[in-house]
> 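Next up is a structure, given as structure tokens.
Every chain is numbered from 1 and lettered A, B, ... according to where its sequence line falls, protein lines coming before strand lines. None of these values were measured; they are calculated from a predicted model.
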Number of protein chains: 2
Amino acid sequence: MDEENRFCPVEAALAVIDGKWKPYIFRNLSGRTMRFGELQRDLPYVTRKILTQHLRELENDGIVVRTVFPQVPPKVEYSLSDYGKTFIPIMSSLSGWGQAHVERDNHDRAKQPDG
Amino acid sequence: MDEENRFCPVEAALAVIDGKWKPYIFRNLSGRTMRFGELQRDLPYVTRKILTQHLRELENDGIVVRTVFPQVPPKVEYSLSDYGKTFIPIMSSLSGWGQAHVERDNHDRAKQPDG
DNA sequence: CTGTATCCCTATAGATACTG
DNA sequence: CAGTATCTATAGGGATACAG
């Protein structure tokens, strides 16, 4: 967006999960607090760099809380903030619609193999 | 996504409006059927190429219906399909959350100008 | 364990010109 | 009017190596 007057609140919401792995990170943290390494194990296709980057962005957006335990070796925990939890219903409706969309898509392709 | 078993329905939903101008196109078509040129006028920052491309993708996802009137000069109308309309509630909740998010953001920055 | 720093690569979008 | 074709620019992500 270049002009403020064209700003769309939908984009503001989408920006929060704009990042290839953010929905997955969000889903993981929806259940419980997790350490960095735990997230890595649950998301084996994300590199440390990108995982860190996405977590920082989620933190800056107020969605995620980062807690550093000053010890050796380092221990860092991530969790959804109360504010972040207000996004859970959005994710749920996206998930519901998306699920139906995938099924509809499969159904259509089954009837029209040539797409 | 490389592996099917990691597939996330949230991504499937997001993919539908994945495109810089798709939320705006969607919003425009939510109200009424529009001709290509009308969309262009309402979205002056989108090039014809991108507008066409996004509309094609929305059509392929079953969201938008494209109606060609075989006449000279050409006339093409775009509208939301019934299926596309099922996405309106999703957009509404995104919009609502996004609106609050922007306001929260402004509020925070007012308190912490260096944030 | 939890990161950073670099370099590279691709996907997406914009500029511009051409067309039925 | 409603596109398509071509070229370019850039932002996001990934591979890899290094570090406190």
> May I ask you to list the residues of residues 57-73 of chain A, by number, that have any heavy atom positioned under 4.0 Å from an atom of DNA chain C?
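Going residue by residue through residues 57-73 of chain A, the ones with a heavy atom under 4.0 Å of DNA chain C turn out to be A/R66, A/P73.
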> Round to a whole Å and report the spacing from OH of A/Y45 to P of D/dG12.
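Atom OH in A/Y45 sits about 25 Å away from atom P in D/dG12.
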> Less than 6.0 angstrom separating the ring centers of B/H101 and A/Y83, yes or no?
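Aromatic pair counts; centres sit under 6.0 Å.
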> Does A/Q53 make a side-chain N or O approach to OP1 or OP2 of D/dG13 shorter than 4.0 Å?
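A/Q53 to D/dG13 OP1/OP2: side-chain N or O found under 4.0 Å.
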> Testing the 3.5 Å rule here: is there a donor-acceptor pair between the side chains of A/E11 and B/Y24?
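Short answer, yes.
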> Could you give the CG-to-P distance, from B/L51 to C/dG14, as a whole number of Å?
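Result: 11 Å.
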> Would you say C/dG3 has OP1 or OP2 under 4.0 Å from some side-chain N or O of A/Y78?
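Yes, within the criterion.
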> In a check of side-chain contact (heavy atoms from CB on, under 4.5 Å) between B/I25 and each of B/D42, B/I63, B/L58, which one passes?
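Testing each of B/D42, B/I63, B/L58 against B/I25, the sole residue satisfying side-chain contact (heavy atoms from CB on, under 4.5 Å) is B/L58.
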> At less than 4.0 Å, is any side-chain N or O atom of A/R48 found next to OP1 or OP2 of C/dC1? Yes or no.
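Indeed not, no polar side-chain atom of A/R48 lies that close.
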> A/T52 has a side chain; which of D/dG14, C/dG3, C/dG14 sits nearest to it?
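Closest nucleotide among those given: C/dG3.
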> Any chance you could measure A/H54, atom NE2, to A/E59, atom CD, to the nearest 0.5 Å?
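Answer for the NE2-CD pair, A/H54 versus A/E59, is 14.5 Å.
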> Roughly how far, to the nearest 0.5 Å, is CD1 of B/I17 from CD of B/E57?
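With rounding to 0.5 Å, CD (B/E57) is 13.0 Å from CD1 (B/I17).
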> By nearest nucleotide on DNA chain D, pick out whichever of B/P74 and B/K49 is the more 5' one.
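The residue mapped nearer the 5' terminus is B/P74.
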> Using whole Å, report how far NZ of A/K75 lies from P of C/dC1.
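Value for this atom pair: 13 Å.
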> Which class fits the ring pair B/W21 and B/Y45: parallel under 30°, tilted 30 to 60°, perpendicular over 60°?
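Parallel: the ring planes of B/W21 and B/Y45 meet at under 30°.
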> Whole-Å distance between C/dG3 C1' and A/H54 NE2?
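Taking NE2 of A/H54 and C1' of C/dG3, I get 16 Å after rounding.
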> The test is side chain to side chain contact (heavy atoms under 4.5 Å, CB included); show your working for B/R66 and B/E77 and say whether it passes.
CA-CA 6 Å; B/R66 179 171 177 263; B/E77 284 187 350; over 6 Å; no
> Would you kindly give the CD1-to-C1' distance between A/I17 and D/dG12, to the nearest whole Å?
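About 16 Å, once rounded to whole Å.
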> Could you tell me how far apart A/L14 (CG) and C/dT12 (C1') are, to the nearest whole angstrom?
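So the two atoms are 16 Å apart, to the nearest Å.
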> Which residue, A/E77 or B/T47, contacts DNA chain C at a nucleotide closer to its 5' end, judged by nearest heavy atom?
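This one resolves to A/E77.
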> What is the distance from CG of B/D18 to P of C/dT12, rounded to the nearest Å?
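So the two atoms are 7 Å apart, to the nearest Å.
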> Using side chain to side chain contact (heavy atoms under 4.5 Å, CB included), reason through A/V65 and A/Y78 one step at a time and then give a plain yes or no.
CA-CA 6 Å; A/V65 175; A/Y78 292 91; over 6 Å; no
> Rounded off to whole Å, could you give me the CD1-to-P distance for the B/I50 and D/dT8 pair?
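After rounding, the reported distance stands at 17 Å.
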> Tell me which residues in residues 32-41 of chain A put a heavy atom below 4.0 Å from DNA chain C, sorted by number, or none.
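Contacting residues: A/R35, A/F36, A/G37.
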> Sequence neighbours left out, cut at 3.5 Å: what donor-acceptor pairs do the side chains of residues 90-100 of chain A make with other protein atoms?
| residue | atom | partner | partner atom | Å |
| --- | --- | --- | --- | --- |
| A/S92 | OG | A/I88 | O | 3.1 |
| A/S93 | OG | A/P89 | O | 3.1 |
| A/S93 | OG | A/I90 | O | 2.9 |
| A/W97 | NE1 | B/T86 | OG1 | 3.0 |
| A/Q99 | NE2 | A/E103 | OE2 | 3.2 |

